[in-house]
Asks: 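Dumping the structure here so I can ask a few things about it.
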Amino acid sequence: MRLTILGGGGFRVPLVYGALLGDRAGGRVSHVTLYDEDPARLTAMTRVLRDQAAAATAHDPAGDGPAVDAPAVTATGDLDEALRGADFVFSAIRVGGLEGRASDERIALAEGVLGQETVGAGGIAYGLRTVPVARGIARRIARTAPGAWVINFTNPAGLVTEAMAEELGERVIGICDSPVGLGRRIARLLGARPQDAWIDYVGLNHLGWVRGLRIGGRDELPRLLADTEALESFEEGRLFGAEWLRSLGAIPNEYLHYYYFNRDTVRAYQEAKQTRGAFLRDQQRGFYAEAGRAGAPAGAALAAWDRTRAEREATYMAENREVAGVGERDGSDLESGGYEKVALALMRAIARDERATLILNVRNGSTLSVLDAEAVIEVPCLVDANGAHPVGVEQLPLHAVGLVTAVKAVEREILAAAASGSRADAVKAFALHPLVDSVGVARRLLDGYAAEHPGLAYLR
């Protein structure tokens, strides 16, 4: 199979390639094409993957067979060339780069509201820049690789998946590792293997709740909610606190901390030495300069990536942990949900008809009655050769309905603004968000973003 990665110079590409190196079943990916508009990033990332392949082919990681046959890697700045012949396309682009993310955060915080990458004003600004580009890419895929399946990593993942689905229908599926990581942590606390547990998770991307975790047909989540010590032994339990989790009767996705503790989080972000986007921008400048340096010894690029990734994971959501008073991340929390593993499992299920159950971003259909059929939601899905099919779930409680429908309304205004170029639609997107408290603030936010981002010049 042939896999194309859009945003192929992106920092997380080695996670995907590493998962491919570990896939030893038949019908595996034999060729990876990296597409990126930045030649320097492509050069650096190609070197990291070269080091990964060399390390993998030097020995058998399982210890029971021949050395790994690494997928071939090519890199290009030509989108149509990258897409031709692709069986799967991973979309992992960042419109405006990390400089844009840092700007999104800074402008929002100056107005006293959250500027996080996918939540609040920052997520809206990022979406307004990204949706027109994502729609264009979807049209190119439909024309150049009509038989390809598209797996969307691009944030805001639910919004971008919904935009691409306008062109690609059910052949685009969004993924995120947050629900998977959360479910895995809960299962282990309850003494179960994650693969043996059914996770009752529902919501939108970065706005969902684990409402039950069934092991052998029995919901074991109430047992965890009753145990304060166990609840506060893992990241989400420490972030939200046992008392609030028991009040909800559910375990929220970590991103709901921005909603439930918004004022505290905004204050912590305003007082921080630099925003998360600015930290990643500066960190990755150093990484790409080091990994792309000509004449570096074999293995140097991969070593630089490993160091950078460890620092990145350790500092994730640092301000939220400060608000909760929980200090540094535990080693057990540093393991993500493994979005690359989710992507590999999704590809296997479709390409080989190996049926799997995965939490994915897909069209709603009739799954949640409070949303229309075209709305992209994040729920457990059964996946087979025909794609991902959402599983029926119990309806949301009213407090969750309020957040989900309000944020979906914001997403729809972003989609409308990106299609019409209407400044009024864009202002409405900002003003309707639960974390933006004034139409006046909404207007100033849009003015601030438009002044700094050429990607918003289409709004008038």
Asks: Using the rule given for salt bridge (charged side-chain N to carboxylate O under 4.0 Å, His left out), can you reason through Asp177 versus Lys341, listing the C-alpha separation, both sets of side-chain angles and the distance that settles it, and then say yes or no?
Replies: CA-CA 9 Å; Asp177 60 352; Lys341 296 175 184 175; over 6 Å; no

Asks: Is there side-chain contact between Val180 and Leu358, with at least one heavy-atom pair below 4.5 Å?
Replies: no

Asks: Would you please say whether a donor-acceptor pair under 3.5 Å links the side chains of Gln283 and Glu311?
Replies: yes

Asks: Using modelled atom types only, decide if a donor and an acceptor are shared between the side chain of Tyr17 and the backbone of Pro71 within a distance under 3.5 Å.
Replies: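 Looks like yes, one N/O pair under 3.5 Å.
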
Asks: List the atom pairs, donor and acceptor, that lie under 3.5 Å between side-chain atoms in residues 406-421 and the rest of the protein, sequence neighbours left out.
Replies:
| from | atom 1 | to | atom 2 | distance (Å) |
| --- | --- | --- | --- | --- |
| Lys408 | NZ | Glu162 | OE1 | 2.7 |
| Lys408 | NZ | Val376 | O | 3.0 |
| Lys408 | NZ | Glu411 | OE1 | 2.7 |
| Arg412 | NE | Glu162 | OE2 | 2.7 |
| Arg412 | NH1 | Asp372 | OD2 | 2.7 |
| Arg412 | NH2 | Glu162 | OE2 | 3.0 |
| Arg412 | NH2 | Asp372 | OD1 | 3.0 |
| Arg412 | NH2 | Asp372 | OD2 | 3.3 |
| Glu413 | OE2 | Lys428 | NZ | 3.4 |
| Ser420 | OG | Ala416 | O | 2.9 |
| Ser420 | OG | Ser422 | N | 3.1 |
| Ser420 | OG | Asp425 | OD2 | 3.1 |

Asks: So which atom in Pro146 and which in Thr144 form the shortest heavy-atom distance, rounded to 0.1 Å?
Replies: CD-C, 3.5 Å

Asks: Side chains of Pro390 and Leu368: closer than 4.5 Å at any heavy-atom pair?
Replies: no

Asks: Out of curiosity, Tyr126 OH to Thr154 OG1, how far, rounded to the nearest 0.5 Å?
Replies: 6.5 Å

Asks: Please enumerate all residues that pass side-chain contact (heavy atoms from CB on, under 4.5 Å) together with Asp384, with sequence neighbours excluded.
Replies: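 Counting only residues at least two positions away or on another chain, Asp384 forms a side-chain contact (heavy atoms from CB on, under 4.5 Å) with Asp353, Arg355, Asn386, His389.
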
Asks: Please determine if Arg285 and Asp282 form a salt bridge, counting it only when a charged side-chain N lies under 4.0 Å from a carboxylate O.
Replies: yes

Asks: Where is the tightest heavy-atom contact between Gly77 and Tyr35, given as atom of each residue plus distance?
Replies: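 Taking every non-hydrogen atom into account, O-CE1, 3.3 Å.
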
Asks: Is a donor from one side chain sitting under 3.5 angstrom from an acceptor on the other, for Gln284 and Thr308?
Replies: no

Asks: Yes or no on side-chain contact (heavy atoms from CB on, under 4.5 Å) for Phe88 and Ile5, after CA distance, side-chain angles and deciding distance?
Replies: CA-CA 9 Å; Phe88 288 89; Ile5 302 178; over 6 Å; no

Asks: Are Arg2 and Val29 close enough that some pair of their side-chain heavy atoms sits under 4.5 Å apart?
Replies: no

Asks: Looking at Arg106 and Ala278, would you say the former's side chain and the latter's main chain have a donor-acceptor pair under 3.5 Å?
Replies: no

Asks: Has the side chain of Arg129 got a donor or acceptor atom that lies under 3.5 Å from a matching backbone atom of Gly455?
Replies: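 Absent.
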
Asks: Is any NZ, NE, NH1 or NH2 atom of the basic residue among Arg135 and Glu167 found under 4.0 Å from an Asp or Glu carboxylate oxygen of the other?
Replies: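 Salt bridge absent between Arg135 and Glu167.
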
Asks: Does Asp87 pair with Arg28 as a salt bridge, N-O distance under 4.0 Å?
Replies: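 Result for this pair is no, no salt bridge flagged.
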
Asks: For the pair Thr4 and Leu34, evaluate side-chain contact (heavy atoms from CB on, under 4.5 Å) and give the outcome as yes or no after the intermediate values.
Replies: CA-CA 6 Å; Thr4 293; Leu34 306 180; over 6 Å; no

Asks: Determine yes or no for a side-chain-to-main-chain donor-acceptor pair under 3.5 angstrom, with Glu111 supplying the side chain and Val113 the backbone.
Replies: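 Not at all, since once roles are kept as given, no pair shorter than 3.5 Å links the two residues.
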
Asks: Hey, what do you get for CD1 (Ile350) to CH2 (Trp149), rounding to the nearest 0.5 Å?
Replies: 5.0 Å

Asks: Classify the ring geometry between Trp305 and Phe11 as parallel (under 30°), tilted (30 to 60°) or perpendicular (over 60°).
Replies: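 Rings of Trp305 and Phe11: tilted, as their planes differ by 30° to 60°.
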
Asks: With the side chain counted from C-beta on, respond yes when Val150 and Phe90 share a heavy-atom pair under 4.5 Å apart, and no when they do not.
Replies: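 Not touching, per the 4.5 Å side-chain cut-off.
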
Asks: Got Val133 and Ile93 here, is their nearest side-chain heavy-atom distance under 4.5 Å?
Replies: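 The answer is yes, as the side chains (C-beta and beyond) meet within the 4.5 Å cut-off.
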
Asks: Distance only, no hydrogens: is a donor on one side chain within 3.5 Å (strictly under) of an acceptor on the other, for Glu378 and Asn253?
Replies: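 No, because no side-chain N or O of Glu378 sits under 3.5 Å from a partner of the opposite role on Asn253.
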
Asks: Between Arg460 (side chain) and Tyr458 (backbone), is there a donor-acceptor pair under 3.5 Å?
Replies: yes

Asks: Answer yes or no: is there a side-chain heavy-atom contact under 4.5 Å between Leu3 and Thr33?
Replies: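 With C-beta onward as the side chain, the pair stays apart.
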
Asks: Just jot down the ring pair (Phe, Tyr, Trp, His ring centres under 6.0 Å) partners of Tyr201, sequence neighbours excluded, or say none.
Replies: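 For Tyr201, no residue satisfies ring pair (Phe, Tyr, Trp, His ring centres under 6.0 Å) once neighbours in sequence are set aside.
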
Asks: Once rounded to the nearest 0.5 Å, what's the spacing between atom CD1 of Ile151 and atom CG of Leu346?
Replies: 4.0 Å

Asks: Between Asp23 and Arg348, does any NZ, NE, NH1 or NH2 come within less than 4.0 Å of an OD or OE carboxylate oxygen?
Replies: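 Looking at Asp23 together with Arg348, the answer is yes, because their closest N to O distance falls below 4.0 Å.
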
Asks: Do we see a donor-acceptor contact under 3.5 Å between the side chains of Thr161 and Asn152?
Replies: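 Judged by distance alone, the side chains do pair up.
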
Asks: When you check the gap from the basic side-chain N to the acidic O, do Arg276 and Glu105 get nearer than 4.0 Å?
Replies: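 Result for this pair is no, no salt bridge flagged.
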
Asks: Could you state the interatomic distance from CZ (Arg139) to CD (Glu166), rounded to the nearest 0.5 Å?
Replies: 9.0 Å

Asks: Should Glu99 and Arg94 count as an ion pair when the cut-off is N to O under 4.0 Å?
Replies: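 Here Glu99 does not pair with Arg94 in a salt bridge, since their nearest N and O are not under 4.0 Å apart.
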
Asks: Is atom CD of Gln270 surrounded by more than 12 heavy atoms (other residues, nucleotides or ligands) closer than 6.0 Å?
Replies: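 Atom CD in Gln270 is crowded, with more than 12 foreign heavy atoms closer than 6.0 Å.
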
Asks: Can you confirm if the NZ or CZ of Arg185 lies within 45° of the ring axis of Phe234 and under 6.0 Å from the centre of its six-membered ring?
Replies: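 No cation-pi geometry.
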
Asks: Any luck finding a side-chain donor-acceptor pair between Tyr269 and Tyr258 under 3.5 Å?
Replies: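 Side-chain D/A pair, Tyr269 to Tyr258: present.
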
Asks: Kindly determine whether Leu435 and Val119 satisfy side-chain contact (heavy atoms from CB on, under 4.5 Å), including the steps that lead there.
Replies: CA-CA 8 Å; Leu435 302 184; Val119 177; 3.7 Å; yes

Asks: Look up atom CG in Leu280 and atom CD in Glu117, then write down how far apart they are to the nearest 0.5 Å.
Replies: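 Leu280 CG to Glu117 CD: 8.5 Å, rounded to 0.5 Å.
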
Asks: So which atom in Thr46 and which in Ala75 form the shortest heavy-atom distance, rounded to 0.1 Å?
Replies: OG1-CB, 3.9 Å

Asks: Should Leu256 and Trp209 count as side-chain neighbours, where that means a heavy-atom distance under 4.5 Å?
Replies: yes

Asks: Using 4.0 Å as the upper bound for N to carboxylate O, is an ion pair formed by Arg307 and Glu290?
Replies: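 Looking at Arg307 together with Glu290, the answer is yes, because their closest N to O distance falls below 4.0 Å.
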
Asks: Is any side-chain heavy atom of Met164 less than 4.5 Å from a side-chain heavy atom of Val160?
Replies: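 Yes, their side chains come closer than 4.5 Å.
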
Asks: Check whether NZ of the Lys or CZ of the Arg Arg12 lies under 6.0 Å from the centre of the six-membered ring of Phe153 and within 45 degrees of that ring's axis.
Replies: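 Geometry flag: not set, cation outside 6.0 Å or 45°.
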
Asks: Could you walk me through whether Leu15 and Tyr339 pass the side-chain contact (heavy atoms from CB on, under 4.5 Å) test, one step at a time?
Replies: CA-CA 8 Å; Leu15 295 174; Tyr339 90 125; 3.8 Å; yes

Asks: Would you name the heavy atoms of Cys176 and Asn205 that are closest together and state the gap between them?
Replies: CB-ND2, 3.3 Å

Asks: For residues His257 and Asn262, is any side-chain donor paired with an opposing acceptor at under 3.5 Å?
Replies: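 Short answer, no.
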
Asks: So which atom in Val48 and which in Pro14 form the shortest heavy-atom distance, rounded to 0.1 Å?
Replies: CG1-CG, 3.6 Å

Asks: Looking only at heavy atoms, which two atoms of Ser178 and Tyr255 are closest? And how far apart?
Replies: OG-CE1, 3.6 Å

Asks: Could you grab the distance from atom CD1 of Ile377 to atom CG of Leu207, nearest 0.5 Å is fine?
Replies: 12.5 Å

